[in-house]
K.L.:
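Take a look at this one; I'll ask things after.
Keep in mind that the numbers below use all heavy atoms, side chains included, and drop hydrogens, waters and symmetry copies. Counting begins at 1 with the first residue of the sequence.
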Amino acid sequence: MRERKLKARAKINLGLDVLGRRPDGYHELRMVMQTVNLYDEITLRADDGPGKGPENGWPEDDWPENAKPENAGSEKTEIAAARSEEAEMAAVRPEACRSDAAGQRTAKMKAAGRKAQIRMTVLCDQALSLPDAGLDTDLIPADARNLAYRAAQLLMEEFGIRQELEIILKKRIPAAAGLAGGSADAAAVLVGVNELFGLNLTMKELMERGLNIGADVPYCIMRGTALAEGIGERLTRLPNAPDAYVVLAKPPVAVSTKFVYSNLKLEGEPRDGSSDPERRGDGRIRHPDTDGQVQAIRDGDRYRMASLMGNVLETVTIPSFPVIREIKGQMLQSGAVNAMMSGSGPTVFGLFDDREKAELAYDKLKRGNLAREVFLTTFFHPHESVNRTALEENR
């Protein structure tokens, strides 16, 4: 029996701009992406057979050598495929995490197609279920609606793998939160299956396949600090962003990605005549200075990078869910350098330059009623041998 363990890390958007709607109906995006040390744990198991790994196993959480880009000297990677922005949301639906006596939530389902035989178990933190927030009690499916399952199915069917694969997914990243949890799981499974079965796909080849699963999957394979353009398929690796402590807080509200994009007004007056910091005085959206933020990252300027954070999707979510603004305000009052919603929300993150301030903000949010799921973590840089181990397991 071969076994591979990986950490599927969440992402935040340091900047998210929508330039407009493309002729194909998708939105043209420019985003600065950053991986953080909040992660799901994935274990893959397969019977011994073709693709057997090294005698001493693989280093835990180390993306394999054969999944590194063949053009390592190039910063830009463009993936030739297309997916909608709603791809991840489509996989986060009911019928999964059932309560057991231990207080965890587990789900098991076995499906044997003509080729792929996959057995999946999902272990969920109890906090992932928020029935009082109007969310479905069962959030994480353990079948083909789960992006991790679909990632394994995609490679196993493409390469005719008939061995049974067991996937054990321990969820910690909140679902439907704007943190790309499902995409991160899919990315980790693609990397792990590639390794377990000796497929020898390069990182770019994995990323091309990942885009058929979800727009964020290629980035979740790349990880680190990157500029994402198009629908996310044009990725430019950036130098490591200046380190920061990160407090993440997800309020108990359900935000649909489809709702956010369909209600995004790139021109026109703010809703209800309200004062909106993401819009200029003439009512037009205040687009973030993405180029300036990228330059600040290249310069290693943490404070300018943070000052240039911006997410145009807040023009939709904040009027609909004022709790997002409240969480941002509380983080800023607690000493955050800046605070913003990640992705299409509803999770808010604050960047802190001091651990004590970050811990105080974390504790205040945990004691309050604005957010149900709160985490304290740090940036993750994949090419550094040592990350901030003190918060590696995060709170």
K.L.:
Does one side chain, of D299 or Q295, offer a donor that lies under 3.5 Å from an acceptor on the other?
P.N.:
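Indeed, the side chains of D299 and Q295 share at least one donor-acceptor pair under 3.5 Å.
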K.L.:
Any side-chain heavy-atom pair from P218 and L235 closer than 4.5 angstrom?
P.N.:
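P218 reaches L235 side chain to side chain.
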K.L.:
Going through the distances and angles, do K11 and N13 end up as a side chain to side chain donor-acceptor pair (under 3.5 Å)?
P.N.:
CA-CA 7 Å; K11 64 83 186 169; N13 298 91; 2.5 Å; yes
K.L.:
Any link between L360 and F352 through a network of hydrophobic side chains (Ile, Leu, Val, Met, Phe, Trp, Tyr) touching at under 4.5 Å?
P.N.:
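Different clusters.
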K.L.:
I want to check something: taking the side chain as every heavy atom from C-beta on, are L6 and V189 in contact at a cut-off of under 4.5 Å?
P.N.:
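With C-beta onward as the side chain, the pair stays apart.
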K.L.:
Atom CG in L365, atom CG in L248: separation rounded to 0.5 Å?
P.N.:
10.5 Å
K.L.:
Please tell me whether V247 and L332 are part of a single hydrophobic cluster in this structure, the criterion being side-chain heavy atoms less than 4.5 Å apart.
P.N.:
no
K.L.:
Taking side chain as C-beta onward, heavy atoms only, is Y362 less than 4.5 Å from V374?
P.N.:
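Yes, side chains in contact.
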K.L.:
Fit a plane to each ring of F321 and F259, take the angle between them on a 0 to 90° scale, and name the class: parallel (under 30°), tilted (30 to 60°) or perpendicular (over 60°).
P.N.:
perpendicular
K.L.:
Would you call E359-K364 a salt bridge at under 4.0 Å N-O?
P.N.:
no
K.L.:
Quick check on side-chain hydrogen bond (donor to acceptor under 3.5 Å, both in side chains): which of N37, T35, D40 does R9 satisfy it with?
P.N.:
N37
K.L.:
So among N311, T257, T317, which one has a side-chain hydrogen bond (donor to acceptor under 3.5 Å, both in side chains) with S344?
P.N.:
T257
K.L.:
Please check if the side chain of E205 supplies one atom and the backbone of T202 the other of a donor-acceptor pair under 3.5 Å.
P.N.:
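Side chain of E205 to backbone of T202, a donor-acceptor pair under 3.5 Å: yes, one is there.
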K.L.:
Give a yes or no on whether the backbone of A180 and the side-chain of S183 come within a donor-acceptor separation of less than 3.5 Å.
P.N.:
no
K.L.:
What heavy-atom pair brings S342 and I12 nearest, and what distance separates the two atoms?
P.N.:
OG-CA, 3.4 Å
K.L.:
Consider only side-chain heavy atoms of I, L, V, M, F, W and Y, link residues closer than 4.5 Å, and tell whether M31 and L19 are in one cluster.
P.N.:
no
K.L.:
With side chains defined as the heavy atoms from C-beta onward, is the minimum distance between T225 and H381 less than 4.5 Å?
P.N.:
yes
K.L.:
Let me confirm one number: the CG-CZ distance from L154 to F159, rounded to the nearest 0.5 Å.
P.N.:
9.0 Å
K.L.:
For the residue pair A228 and M33, what are the closest heavy atoms and their distance?
P.N.:
CB-CG, 4.0 Å
K.L.:
Is the shortest distance from a Lys or Arg side-chain nitrogen in E41 or K7 to a carboxylate oxygen in the other one below 4.0 Å?
P.N.:
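So E41 does not pair with K7 through a salt bridge.
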K.L.:
Between D47 (side chain) and M1 (backbone), is there a donor-acceptor pair under 3.5 Å?
P.N.:
no
K.L.:
Could you go step by step and tell me if K328 and I318 meet the side-chain contact (heavy atoms from CB on, under 4.5 Å) rule?
P.N.:
CA-CA 10 Å; K328 289 176 61 176; I318 286 179; 4.3 Å; yes
K.L.:
Hey, which of H287, R30, Q293 is the one that makes side-chain hydrogen bond (donor to acceptor under 3.5 Å, both in side chains) with D17?
P.N.:
H287
K.L.:
Atom NZ in K5, atom CD1 in I168: separation rounded to 0.5 Å?
P.N.:
8.5 Å
K.L.:
Hey, does the side chain of N338 reach the backbone of A306 with a donor-acceptor pair shorter than 3.5 angstrom?
P.N.:
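Indeed, once roles are kept as given, a pair shorter than 3.5 Å links the two residues.
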K.L.:
Check which hydrophobic residues are tied to V337 through side-chain heavy-atom contacts below 4.5 Å, counting indirect links as well, and list them.
P.N.:
Y303
K.L.:
State, yes or no, whether a side-chain contact exists between Q117 and L165 at a heavy-atom distance under 4.5 Å.
P.N.:
no
K.L.:
Walk me through it: do M120 and L169 pass the test side-chain contact (heavy atoms from CB on, under 4.5 Å)?
P.N.:
CA-CA 8 Å; M120 185 170 188; L169 170 58; 3.8 Å; yes
K.L.:
When you measure from the side chain of E356 to the backbone of D354, do you find a donor-acceptor pair of N or O atoms at a distance under 3.5 Å?
P.N.:
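Checked: no pair found.
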K.L.:
Report the C-alpha separation of K250 and R372 in whole Å, then their side-chain angles, then the decisive distance to 0.1 Å, and conclude whether the side-chain contact (heavy atoms from CB on, under 4.5 Å) test is met.
P.N.:
CA-CA 6 Å; K250 182 190 176 188; R372 178 65 61 85; over 6 Å; no
K.L.:
Please name the pair of heavy atoms, one in G335 and one in K357, separated by the smallest distance, quoted to 0.1 Å.
P.N.:
O-CD, 4.0 Å
K.L.:
Any side-chain heavy atom of V246 within less than 4.5 Å of one from F379?
P.N.:
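In contact.
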K.L.:
Output, in order, the C-alpha distance, side-chain angles, deciding distance and verdict of side-chain contact (heavy atoms from CB on, under 4.5 Å) for M309 and L351.
P.N.:
CA-CA 10 Å; M309 285 165 40; L351 299 186; 3.7 Å; yes
K.L.:
Is P174 close to L179 at the side-chain level, that is, under 4.5 Å between some pair of heavy atoms?
P.N.:
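They are in contact (side-chain heavy atoms under 4.5 Å apart), so the answer is yes.
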K.L.:
Please find the pair of heavy atoms, one from E208 and one from N212, that lie closest to each other, and give the distance.
P.N.:
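Closest pair (atom of E208, atom of N212, distance): O-ND2, 3.7 Å.
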K.L.:
Identify whether NZ of Lys or CZ of Arg in R2 sits under 6.0 Å from the centre of the six-membered ring of F197 and within 45° of that ring's axis.
P.N.:
yes
K.L.:
According to a 4.5 Å side-chain heavy-atom criterion applied to Ile, Leu, Val, Met, Phe, Trp and Tyr, with indirect links allowed, do L264 and I324 form part of one hydrophobic cluster?
P.N.:
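Yes, one cluster joins them.
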K.L.:
Taking L308 as the starting point, is it possible to reach L16 by hopping between hydrophobic residues whose side chains are less than 4.5 Å apart?
P.N.:
no
K.L.:
If we only count heavy atoms from C-beta on, is the L155 to R209 side-chain gap below 4.5 Å?
P.N.:
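L155 vs R209: side chains touch.
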K.L.:
Quick one: closest heavy-atom pair of M331 and F349, and the distance?
P.N.:
SD-C, 3.6 Å
K.L.:
Roughly how far, to the nearest 0.5 Å, is CG of L199 from CG of N194?
P.N.:
5.0 Å
K.L.:
What distance separates D353 CG from R302 CZ, expressed to the nearest 0.5 Å?
P.N.:
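Here the rounded value is 6.0 Å.
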K.L.:
CD1 of I297 to CG of L14: how many Å apart, nearest 0.5 Å?
P.N.:
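I297 atom CD1 to L14 atom CG measures 5.5 Å (nearest 0.5 Å).
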K.L.:
Give me the atom names and distance for the closest heavy-atom approach of A177 to T347.
P.N.:
O-OG1, 2.8 Å
K.L.:
Mark yes or no for whether Y149, through its side chain, and I167, through its backbone, hold a donor-acceptor pair below 3.5 Å.
P.N.:
no
K.L.:
Ion pair present between E314 and R325, side-chain N to carboxylate O less than 4.0 angstrom?
P.N.:
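Salt bridge flag = no for R325 with E314.
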K.L.:
Under 3.5 Å, is there a donor-acceptor pair between the side chain of D24 and the main chain of Y26?
P.N.:
yes
K.L.:
Can you list everything that forms a salt bridge (charged side-chain N to carboxylate O under 4.0 Å, His left out) with R304? Sequence neighbours excluded, please.
P.N.:
none
